[in-house]
Amino acid sequence: PEPAPMPEPDPEPVPMPESDSVSRPRRYTGSPRGAVASPRPAAQRVTPQEEQTTQKLDELRALLEQMNGSAAAPVKEKQPETESARPTLVFAQEHQPEAQPTRTAFPEKKTEPSASAKPPLRLFGEQEPPRDKDDTMSLPLLELEEEPVAPAAAKAQQTPPPAEHEAPASSVWKEKLAGYAASKQAEPEFPDAQTPEEMGEKLRQMGASLTLRCVLSGLLALVLIQLSLTAGLDPIAAPAAFYGVNLLALAAAMGVAYTVLRDGLAGLRGTPSAETMPALAAVAALVQAAVALLNAKSYASSGMTLLSGVAALGLCLALVGGRVMLSAVEAGHRLASSGEDYQGAVRIKDKDLVRSLAQAMEEKDLWVLFSRPVEWSAGFVDQHFGTRASERRTRKTSYILLGTAVLSGLVFLLFGAGINGAVAAAASVLCMGAPLSSTLVAAVAALRLQRTAAAAGAVVPGWAATEELGGIDTVQLDADDLFGPDSVNLEDIRIFKGGRIDRDILYTASVLNQSCNTLRGLFRQIIEDRTDILFPVKDLETHRGLGFAAWCDNNRILLGNRAYLEQEGVPLPEPEYEAKHSQNGALQILYLAVSGNLHAMFVLRYVGGRNTARALAVLQRENIRLMVACQDPSLTARHIAEAYRLPQGMVMVLAQEQWDALASAPACTSADCCMMHRKGLASLTGGLAAAETAQSAETSATTVQLASVWLSVAIALLLTTAGSIGGLSVAAVLMYQAAWSALSIAVCAFKSGR
């Protein structure tokens, strides 16, 4: 309905009768939503819109008069009315948003009624008096503090619908919980942050399962070989029963070795696998067994042999190779997670960093290996199961072997041998060509690598790390890896004017105790490890290749080589004097200056250790250079080379800029490492030598293995031309495979033990 015209304001509010204000308050005549309106005559009845508008105007007029003080008495008399009219704020909230400030502006305002005129309704949880039947109030006056209990329909009308982009709280929490559950389900079973103990338990479970499958597969292979040999020697009285048992046993063997079939067949298109050829042979043997069962009588009289036993033996030995590989992984994991202080060797792949390190070297494309403390990560174990170079070569050979088998089968099919001859020819080619040592060669090489590296306290994780270590031509070391605490001798001390030998030794020991690892032990021996008598050192500055600067006992201490003290303006003796005491540079000279005056000159000699010399001999044999980070300013590349009798150019000492670039390299975990080793040069070089030997051994053994496959392809083509490939005996195939497999494993073991 159209809104009624706004009524003109009355000049003065009409006071209530005395009887009404005392005996009972004036009833609220508005019609809030959900309330039952009092009956009116039809002539005086107005629309709800008009009633709401009139009532709001009355309230606004009363509020203004109360604030201005112009109608104090009428307002006081109408005080119960204003108190009882407060429920109209509900309608201001529901229908008129502009009335909300009135509600929030006076949230706590209460009008204390007089004793003679108590309001019939009480706020904030108080009991309200019983109402008359004709009372038009139907909503409790708790809107300001509590939400009234309203019918479902009224509540649905009062509550505004949520926005399109907002969801109810319950649905939001449900979505969050569902997303969290989905993320937990999407997490891998053993994430990268798992503990070494959990990974060790997982490896043990895998080992137990794989051992059981090796045993079952071996038993089934023996049964099939016995059946195949019997079928080749004597005719079978009941061919259908014999071929049925053969098919069931082969299917059981393939079920036990399902991982070999899965990874091997996937290796034709996906990740290369050494199990591809045994898987192809097993599938061909299964097809042959099925065809033999369907054509039992004709196949028994054709003189063709079943090669199911050879295929099952190939699956069994593939499982054995996987179990040997897992043993190598378990041994490496136990060593890496033993709790010892291991370091991770990482090849520097940042080209800018390599270019900065190679400034003083002739070769620009360097493979630099440097070590740093790292934390254990599950990705370190995952590297053991990476793709090997032999597997990439195996996939190419598998295509050729499979093509030869298909060609041989087509030749027999076209020249009238039928489906029996075609299937038998293809199965013979694949079973004779698939090496029994397909996975054993890599497993034996990995096991020998782990044992050799473990003897030196190192772990090399997989073939990718082995290849990376094989290409290393530069190793970054610290000077304390080359020289221990007992490797430095003090040959002479020269004290200059103003110096005192006892105080100068204390100054030098105080600075070196906090700055230089190689010289710390020497001066602590001089003071008999009485570190309590050393001076406190403040504002220590390290200038690699030059020296140190610090404050001790309120004196500026400079400790370094000749170039550093000349740079700081300290007067030094003549170069001839220095050459005389250093034996023309054979010994090291370290100067001490206190407060700008030269106090002492220390003459030092570095002596190489026997074990370190043996480790450096390994690096020299492999043509690996040394990049030394040295804190001692008197130690140069020449002194290191002369101490260990190394060729000139094999040693380079890092300058300050190169050290800063190396120190700014990003942190890494063990998943990024190509080797983990104990601190020390012996462990590092032991791992490098073991990786080099294992790489050579596996490459040689897989070459012999692939040669056997190529020879089997040539033999298969000749026998196909002669028409006798389908009648190849099981004993001949086993002898051929055993000879080549033994030769491959022998080459691998011999090369690994060198």
Side-chain angles (χ1 to χ4, degrees), residues 360 479 483 488-527 533-606 628-640 642-643 653-660:
F483 301 102
V488 190
N489 296 328
L490 181 61
E491 298 292 330
D492 192 9
I493 302 178
R494 310 302 297 178
I495 303 299
F496 297 95
K497 184 178 179 179
R500 288 177 48 186
I501 186 171
D502 55 348
R503 186 169 294 272
D504 292 340
I505 289 178
L506 285 179
Y507 282 147
T508 306
S510 300
V511 175
L512 295 179
N513 189 54
Q514 299 186 15
S515 58
C516 187
N517 296 331
T518 54
L519 295 179
R520 178 188 298 123
L522 171 64
F523 282 87
R524 291 186 65 168
Q525 289 178 4
I526 295 175
I527 64 173
I533 65 175
L534 296 178
F535 295 110
V537 178
K538 299 180 181 179
D539 300 331
L540 178 63
E541 300 176 4
T542 302
H543 306 278
R544 290 183 177 270
L546 295 175
F548 310 97
W551 284 88
C552 288
D553 194 26
N554 295 326
N555 292 314
R556 176 71 169 173
I557 305 298
L558 298 178
L559 197 63
N561 54 23
R562 187 180 187 89
Y564 182 54
L565 268 68
E566 286 179 348
Q567 176 182 323
E568 296 294 330
V570 178
L572 297 176
E574 297 297 328
E576 292 78 9
Y577 180 84
E578 179 180 324
K580 175 183 176 181
H581 289 84
S582 66
Q583 299 178 7
N584 296 323
L587 304 178
Q588 293 85 259
I589 300 297
L590 186 66
Y591 287 105
L592 170 67
V594 180
S595 299
N597 298 318
L598 183 63
H599 275 206
M601 181 181 73
F602 300 95
V603 183
L604 308 172
R605 180 195 295 272
Y606 279 89
V628 183
C630 181
Q631 295 173 321
D632 183 2
S634 67
L635 189 60
T636 62
R638 173 192 170 187
H639 295 132
I640 297 174
E642 289 179 353
V653 177
L654 293 175
Q656 182 67 43
E657 297 78 10
Q658 295 170 329
W659 169 254
D660 292 340

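Side-chain contact check for Thr508 versus Leu559: some heavy-atom pair is nearer than 4.5 Å. The shortest distance between side-chain heavy atoms of Phe523 and Asn513 does not fall below 4.5 Å. Counting heavy atoms from C-beta outward, Arg544 and Trp659 have side chains that approach closer than 4.5 Å. When side chains are defined from C-beta on, Thr518 does not count as touching Gln631, because their heavy atoms never get closer than 4.5 Å. No side-chain heavy atom of Phe548 sits under 4.5 Å from any side-chain heavy atom of Glu541. Within the 4.5 Å cutoff, the side chain of Leu592 has no heavy atoms near those of the Val511 side chain. Residues Leu604 and Leu522 meet the side-chain proximity criterion, which asks for heavy atoms closer than 4.5 Å.
Between Tyr564 and His543, the two ring planes are tilted [angle within 30° to 60°].
Contact between Arg503 and Asp553 at its shortest, heavy atoms only, is NH1-OD2, 3.2 Å. The shortest non-hydrogen separation linking Leu590 to Pro633 is CD1-CG, 3.8 Å. Across every non-hydrogen atom of Ile495 and Arg500, the tightest pair is CG2-N, 4.2 Å.
Proximity of a side-chain donor or acceptor of Asn561 to a complementary backbone N or O of Gly545 within less than 3.5 Å is detected. Using a distance-only test at 3.5 Å, with no hydrogens or angles considered, a donor-acceptor pair links the side chain of Asp632 to the main chain of Ser634. Distance alone, capped at 3.5 Å, places no donor-acceptor pair between the His639 side chain and the Arg605 backbone.
Listed by first and then second residue, the salt bridge (charged side-chain N to carboxylate O under 4.0 Å, His left out) pairs that reach into residues 578-599 are Arg562-Glu578, sequence neighbours excluded. Applying the ring pair (Phe, Tyr, Trp, His ring centres under 6.0 Å) test to residues at least two apart or on different chains, the pairs with a partner in residues 491-512 are Tyr507-Phe535. Counting only residues at least two apart or in different chains, ring pair (Phe, Tyr, Trp, His ring centres under 6.0 Å) contacts with residues 579-599 comprise Tyr577-His581.
With 3.5 Å as the limit, one finds no donor-acceptor pair spanning the side chains of Asn597 and Ser595.
By the 6.0 Å contact criterion, CG on Asn554 is open, its count of non-hydrogen atoms from other residues, nucleotides or ligands being 12 or less.
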